Structure formats: C-alpha cells, structure tokens
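Mind having a look at this structure? Questions to follow.
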There are 2 protein chains.
Amino acid sequence: MSRSHSPSIRMVASRAGVSVATVSNVLNGKASVSPDMVARVNKAVEELGYVVDIAASRLRSRKSLLAGVIVPDLTNPMFAAFVSTLEHLARVDGFDLVVVSARNDAAEEADRLANIRAWRPAGLIAIPCDGAFKSRLPAGFSIPTVLADRIPDHDEFDLVAVDNAAAAGAVARHLDEQGFRNCLVVGTRLSISNVRERWEGVQAAARQMTLELLEIGIDDPVGLDAFERRLRERSKPQAMFALDHGTALATYRIVAEMGLKVPGDIAFASFDDMEWMQLVGSGVTAVRQPVEAMAEKAWLLLSRRLAGEAGEPVTRRLRCAIEIRGSTARSAVSRGGETESLKREEKHGNQ
Amino acid sequence: MSRSHSPSIRMVASRAGVSVATVSNVLNGKASVSPDMVARVNKAVEELGYVVDIAASRLRSRKSLLAGVIVPDLTNPMFAAFVSTLEHLARVDGFDLVVVSARNDAAEEADRLANIRAWRPAGLIAIPCDGAFKSRLPAGFSIPTVLADRIPDHDEFDLVAVDNAAAAGAVARHLDEQGFRNCLVVGTRLSISNVRERWEGVQAAARQMTLELLEIGIDDPVGLDAFERRLRERSKPQAMFALDHGTALATYRIVAEMGLKVPGDIAFASFDDMEWMQLVGSGVTAVRQPVEAMAEKAWLLLSRRLAGEAGEPVTRRLRCAIEIRGSTARSAVSRGGETESLKREEKHGNQ
DNA sequence: AATTTGCAATAAAACGTTTTATCGAGGAAT
DNA sequence: ATTCCTCGATAAAACGTTTTATTGCAAATT
C-alpha cells in the first residue's frame with residue numbers, strides 16, 4: 001500500500017484558495033482567468049509537485065493524446081529504431097505512446113491488440129506479424145490506423161512501406177552484372193509479404209543469373225541445417241542474397257563457420273543494412289531501408305487522420321538505398337586474394 | 001471526431017439485461033453471481049466486443065497494474081532486449097508497461113519522468129542516464145523504484161547491475177597474460193558509473209601491462225579524432241579495450257578503416273557482446289552481460305515491493321561471462337599471420 | 001406464522017478530471 | 001435608480017469504472 005497518494009487537483013485548488021475549475025482552466029490555458037489566479041495556481045502546483053492524471057483527464061474530456069504502437073519484435077534493431085523515432089515525433093505533438101511487442105506470434109499479436117484497446121488510444125501504428133493483421137483486430141476496434149513495413153492482405157489501412165521489389169531487383173541486377181551465374185536467395189518465409197515482394201523483385205530483375213530460393217524459419221535450426229547442407233553440395237552457388245536481417249545474420253554466421261571466404265568462395269548480399277555489415281570482412285553489400293523516414297511518414301499519416309482528414313486509404317512506398325561493399329566484388333573467375341583492396345569505397349555515403 | 005464510441009459497461013449491462021454492477025462483478029470474477037448471469041454477461045461482452053477501459057478502472061479501484069520503464073536509448077540493443085524481456089514478464093503478471101526513452105539526455109529524462117508520473121504507475125524501473133537520477137524524479141514522486149545497469153550516486157533504490165569491475169578486471173588479466181605490454185582503454189565518459197567501475201576494475205587487475213585511458217563522448221567526432229591520432233603515434237598500444245558498446249563499435253570501425261589488423265597490429269576487447277562480434281575477423285573478445293537475467297531480477301525486485309515487501313534497498317550484482325575470441329590472441333611478438341586458425345573455439349558456449 | 005438469516009442483484013457513491021451552467025459583482029445603458 | 005450586460009469565478013454534472021450500501025426474496029430459524 002502506498003503511503004500518501006500523489007496530489008490531486010483538489011489539493012492544488014485548496015492550497016491556492018481557488019476552485020478546482022479554476023485550476024483546470026489555468027492548467028489548460030483556458031481563456032479569461034486573471035493573472036492573479038494564474039500566479040496563485042502555478043505556485044501551488046509547483047509546491048505540491050502536481051502532475052495531472054492523464055487517465056482521468058482523458059476520461060472526462062474524451063480526447064485521448066495517446067497512440068498505440070505494435071511491432072513484431074522490439075529486439076529487432078530496425079523495429080527498435082522505428083519505435084524510437086516514433087516516440088520522439090509523438091512527444092513533439094504532445095502524444096504518448098503505448099508500445100507493445102507481438103514477439104513474432106500471431107496469437108500474441110491479437111492479445112496485445114485487445115490490450116492496446118483497453119487504453120483507448122486515439123490512433124494505432126502497427127507493423128503486422130503477417131498479412132492477416134486485420135482479422136486480429138478486436139471486433140469493433142475502429143480507430144485511425146497506419147500500417148508500416150509489412151503489407152497486409154486487405155488494403156483498408158494507410159500504409160507505409162519500402163519498395164521491396166525495386167530494391168531487391170537492383171541488388172539482383174548488381175550481382176548479375178558482377179558476373180555471378182547463379183544465386184541462392186534465402187528468407188524467413190514467403191508468407192511475410194516483404195519477403196515475397198523482394199523475391200519477386202529478384203526474379204523480375206535477374207537476367208543471366210539462375211535463381212534458387214530457400215525458406216528458413218525464424219530461429220529455425222532445421223531450415224539452417226538445410227542451408228548448410230546446400231552450401232556443402234558440389235554445385236555450390238556463386239552468390240547468395242539474404243532477404244531479411246534475421247536470415248542475413250544467421251546465414252552469414254554459418255558461412256563464416258564453414259570457413260568460406262566472402263566473396264572469394266561465395267558472394268553475399270543482404271536486405272537490411274546493419275551496423276556490423278560495415279565491419280565484417282570487406283563489408284557486406286546491403287539494402288539500406290529508410291526506417292526513420294518510414295516512422296516519420298507513418299506518424300504524419302496518422303496525425304492527418306487524427307486531425308480528421310477523410311478519404312481512401314493511401315499507400316506510400318519509400319525508396320531504399322543500396323550500399324555496395326566488398327562482399328559482392330567481382331571474383332567469380334579470379335578466386336580469393338585481391339578483394340581486400342577495393343574495400344568499402346563508399347564508406348562515407350553512409351552517414 | 002470518431003463516429004461511434006467503443007462500447008461501455010453500461011451498454012453491456014443493458015444488452016444483457018442486468019445492472020452495471022453485475023457486469024463488473026462478472027468481469028472481475030467476484031464472488032456469488034449466478035451462472036445464468038455470467039452466461040448472459042459474457043454473451044453480451046462477446047457480441048459487443050467490449051474491452052474494459054483500463055484508465056477508468058484504475059481511477060476507481062485505485063489499483064494500477066501499470067509500471068513505468070525508462071531507458072537512456074531504445075535503439076541500443078542491450079536496452080531493447082532489457083525492455084523486451086521486461087514487457088514479457090510484466091504481461092505474465094498482468095501488468096502493462098509505459099516505456100519511454102530519455103535519448104541520452106538528462107533534461108529529457110526529467111521530462112519523461114514527469115510524463116510517466118502522469119500515468120500513475122504502481123512502480124518504476126529505470127536505467128538512469130547518469131548518477132544524478134534521483135534529482136530528476138518529480139517532487140513527491142515516490143513509488144517503488146528499481147534501478148538497473150547503471151549505479152546511482154545515492155543508494156536509496158533497489159538496484160540490479162553487473163559486476164563491472166570483476167568482469168573488466170578479468171579481461172585485463174587475460175590481456176596481461178596474453179603478453180600485451182600496454183593497453184589503451186576507451187569509454188564514453190567516466191561520469192557514467194559503469195564505465196568508471198570497469199576502468200577501476202581494469203586498473204586493479206592489470207599487473208605487467210601499463211594502462212592509458214581515453215574518454216570518447218557519445219557520438220562525439222572530437223573524441224574519435226583523438227582516438228585515431230593516438231593510434232597513428234609511433235608508440236601505438238599493443239592492445240585496446242572498449243568499455244562499452246558504443247565506443248566498441250566506433251573504435252572498431254576506425255581501426256578497420258585505418259587498415260590495422262586485429263589482433264596482428266592491435267588486440268581488441270570489448271565490454272558488451274554484440275552479435276557482430278562473432279562475425280568480424282576472427283571474432284572479438286567481449287564481456288557478455290546477462291541482460292535478460294538483469295531484467296528478470298529487476299522485475300522480481302519490483303514485484304516484491306509492489307506486494308508490500310518493506311526493508312532497506314537491496315543491490316544485486318550479476319556475474320558476466322567472458323567470450324574469448326580471436327581478437328586477443330597472443331601475437332604481440334609474432335605479428336600477423338597464424339591467428340586465423342585459433343578462431344572462435346568457444347563458439348558454442350554462446351548459445 | 002412471524003421473524004431472522006443468507007444471498008443475489010442493484011442503486012448510488014466515488015475516483016480525478018473537464019465542461020457546462022450558474023452565480024455575483026461591477027459598469028454601462030436606460 | 002433600476003435594468004441589462006459582461007466577465008471572472010465557481011458549483012455541479014459528467015466520463016466509465018469499482019465499491020459500498022441497500023434492496024428484495026427465498027429459505028431457515030424461532
């Protein structure tokens with residue numbers, strides 16, 4: 001049991017010798033309160049360390065300066081950056097955020113959404129687990145909603161995403177032009193829309209290069225075993241392309257453990273540019289997603305809806321940058337050796 | 001303006017043909033309500049998609065199943081993992097979390113704390129920006145509080161941290177035993193308690209090895225320049241030890257850019273074991289902090305306080321593991337070359 | 001048969017706010 | 001001097017809950 005409750009507006013009022021209504025008026029900057037009152041109230045507020053009870057405030061005023069945010073996994077650096085940016089923007093607009101993670105689980109996503117609803121947020125920003133997001137919204141939960149990053153099955157929401165197909169296609173073209181004759185493409189699962197779009201982009205862009213797809217689950221040892229077996233086959237692929245951060249990390253680890261040289265033995269490219277990709281070997285070629293921009297756009301879209309803007313759901317596709325690094329340097333013919341020297345020439349485009 | 005408000009307990013009551021009190025009783029599993037009523041209420045809840053309004057509930061019941069969490073930076077993977085674990089544990093206990101980031105800024109920390117207070121959480125878990133945390137708590141904000149990771153100036157709160165000195169000392173001893181004669185130790189600033197403790201641990205443990213300290217700010221180009229200049233001097237250190245993740249990443253990047261071989265030209269060790277440290281070169285020797293365990297301990301401590309456990313503030317120090325990798329392999333005498341072979345032998349202690 | 005007990009259900013109060021309606025006082029207009 | 005505004009301040013109602021006190025009714029006790 002807590003000793004003393006935190007001060008209420010009533011205590012402020014009595015200490016200032018005014019009514020609670022006056023205190024409320026002062027705090028909310030309402031019109032026509034005399035300077036004298038303002039001073040008295042502020043003094044009392046200061047002395048008591050009074051802070052408004054947001055919940056009670058929202059309850060009565062029926063206006064909620066709160067937005068819900070749900071992401072598949074907070075430990076994913078991309079999503080963490082997304083949330084962090086969002087939090088900052090929200091605060092600037094006077095909003096609070098209730099952030100939850102679905103931990104890559106659809107059932108948990110549904111549960112957390114119900115939980116978010118219990119907070120009665122004014123709006124929602126979601127990076128869905130998968131395409132069936134809508135079906136997991138609690139019945140009758142209809143607040144302005146912006147989806148981000150992953151593409152849902154039904155387009156009834158505003159959406160911000162990156163142009164997966166184009167970016168993945170550009171990487172594929174790059175590999176193709178470097179002269180790699182075949183490429184092993186890996187991703188968690190095609191059921192994740194991003195992965196699917198990227199795979200389709202690769203297929204559309206590859207010309208000379210033959211393709212091969214391997215789905216590896218999320219933290220799935222079986223899938224990783226399959227991957228490793230594939231690399232041990234005689235007809236090992238000349239290049240590989242990981243379609244998301246998770247598989248990039250997992251597969252790169254295996255490649256390193258097997259003692260394969262990159263790009264000498266196999267070229268390596270990745271969607272999602274993580275910080276370690278600049279450090280490892282001669283650098284890993286990667287697609288850099290504009291996460292911050294995505295968060296900004298998502299918040300902007302939501303703000304507009306909250307301001308009452310009507311109209312059809314809109315979709316915004318953001319362009320990705322591609323960081324060419326040593327891991328895809330031409331060496332299909334001349335194995336090993338001299339790749340070190342052309343190390344990371346565009347290092348500084350990276351700030 | 002939203003069209004239809006989400007259903008209230010009153011609507012549930014009228015649809016079920018009972019009183020609101022009965023609905024509340026059913027929802028909260030209160031004693032003695034007939035099975036008939038239970039069924040009717042649940043049916044109505046189902047049909048309307050009713051979800052309780054947490055804020056109103058807390059307001060009246062005066063019991064808050066909400067805990068505040070503040071961290072210096074959400075994009076730091078360590079803190080993200082901390083928060084993620086915490087969120088899961090909280091949920092298991094029926095708690096919600098309001099998570100904010102201070103963005104490495106003391107003023108912002110103070111601001112966010114006031115904001116957290118507006119939510120009237122039952123407890124608080126904080127990773128403070130610096131030692132002066134207490135001074136930034138809003139006046140009269142006294143709820144059960146657990147600090148984590150960083151050590152405050154005054155010990156009036158429960159605290160969970162790692163044994164920085166011992167772990168850093170072990171690394172120093174390792175470097176010493178490997179035969180490195182001098183070591184450049186880098187960290188953001190000694191004013192961060194962790195960094196200070198680690199530095200002290202290093203000093204206490206080093207025997208043959210001479211030490212040298214360099215403070216590099218957080219995202220501070222000046223500090224990094226100083227670091228780079230130091231590495232260009234003729235009497236370049238044989239080994240270096242980065243005392244936190246930020247400096248480890250920044251300095252390793254510079255080392256790589258300068259074309260220095262690790263450990264051939266300089267040995268490298270780090271506090272904070274990040275995933276890329278297994279991948280880069282022959283692996284980076286690092287202290288692995290038990291973040292999840294720290295979150296668990298923090299939550300446990302808070303739960304107890306919330307359950308009413310009284311008593312003096314307690315401090316728990318968790319032990320760190322040390323991952324010896326190639327970056328500190330003995331090569332002070334025999335430069336370059338054969339270090340590849342002893343690559344990452346304890347890879348599997350790492351799961 | 002009259003009273004008490006026990007129990008299920010509800011009406012009403014309360015939580016900390018904001019909003020709406022009311023009030024009183026001090027000028028300006030009649 | 002009376003009436004009419006205006007304006008600053010407040011009392012009271014309301015928000016969606018939970019809790020407390022009250023009700024009504026049937027069963028159990030005299």
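Keep in mind that this is a model prediction, so the values were computed, not measured.
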Practice prompt. First locate atom CH2 of B:Trp119, then atom CD1 of B:Ile54, and finally report the distance between them rounded to the nearest 0.5 Å.
Written response: 10.0 Å
Worksheet entry | Residue mapping more 5' on DNA chain C - nearest nucleotide basis, B:Val18 or B:Ala56 | B:Val18
Fill in: Donor + acceptor pair across side chains of A:Asp73, A:Thr75 (<3.5 Å)
yes
Practice prompt. Applying side chain to side chain contact (heavy atoms under 4.5 Å, CB included), run through A:Asn115 and B:Arg91 and close with a yes or a no.
Written response: CA-CA 10 Å; A:Asn115 193 244; B:Arg91 177 120 281 271; 2.8 Å; yes
Worksheet item: Which is true for A:Asn25 with a 4.0 Å heavy-atom rule: it touches a base, it touches only sugar-phosphate, or it touches nothing?
Response: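 Base contact - A:Asn25 has a heavy atom under 4.0 Å of at least one base atom.
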Discussion item. Exactly one of A:Val83, A:Val69, A:Leu89 should register a side-chain contact (heavy atoms from CB on, under 4.5 Å) with A:Leu97. Which one does?
Written reply: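 Per the side-chain contact (heavy atoms from CB on, under 4.5 Å) rule, the option paired with A:Leu97 is A:Val69, out of A:Val83, A:Val69, A:Leu89.
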Discussion item. Base of C:dT18, side chain of A:Arg60 - is there a donor-acceptor contact under 3.5 Å?
Written reply: yes
Item to complete: Would you mind classifying the nucleic acid contact of A:Ser8 as base, sugar-phosphate or nothing, using non-hydrogen atoms under 4.0 angstrom?
Response: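 Sugar-phosphate contact only.
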Worksheet item: Under 4.0 angstrom, heavy atoms only, what part of the nucleic acid is B:Ser61 near: base, sugar-phosphate, or nothing?
Response: sugar-phosphate
Worksheet item: With a 4.0 Å cut-off on heavy atoms, is B:Ser24 in touch with a base, just the backbone sugar-phosphate, or nothing at all?
Response: base
Discussion item. For D:dT18 and B:Lys30 - does any side-chain N or O of the residue sit under 4.0 Å from the phosphate oxygens OP1/OP2?
Written reply: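 No, B:Lys30 has no side-chain N/O under 4.0 Å of OP1/OP2 on D:dT18.
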Discussion item. Quick check on DNA chain C: between B:Leu59 and B:Ser34, whose nearest nucleotide comes earlier from the 5' end?
Written reply: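 The 5'-side residue here is B:Ser34.
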Worksheet item: A:Arg62 or B:Leu27: which one's nearest nucleotide on DNA chain D is closer to the 5' end?
Response: A:Arg62
Item to complete: Give a yes/no answer on whether the side chain of A:Arg120 brings an N or O atom under 4.0 Å of OP1 or OP2 in D:dT17.
Response: yes
Practice prompt. Name the nucleic acid region contacted by B:Arg58, choosing base, sugar-phosphate or nothing; use a 4.0 angstrom heavy-atom cut-off, strictly under.
Written response: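 Counting heavy atoms under 4.0 Å across all strands, no contact is made by B:Arg58.
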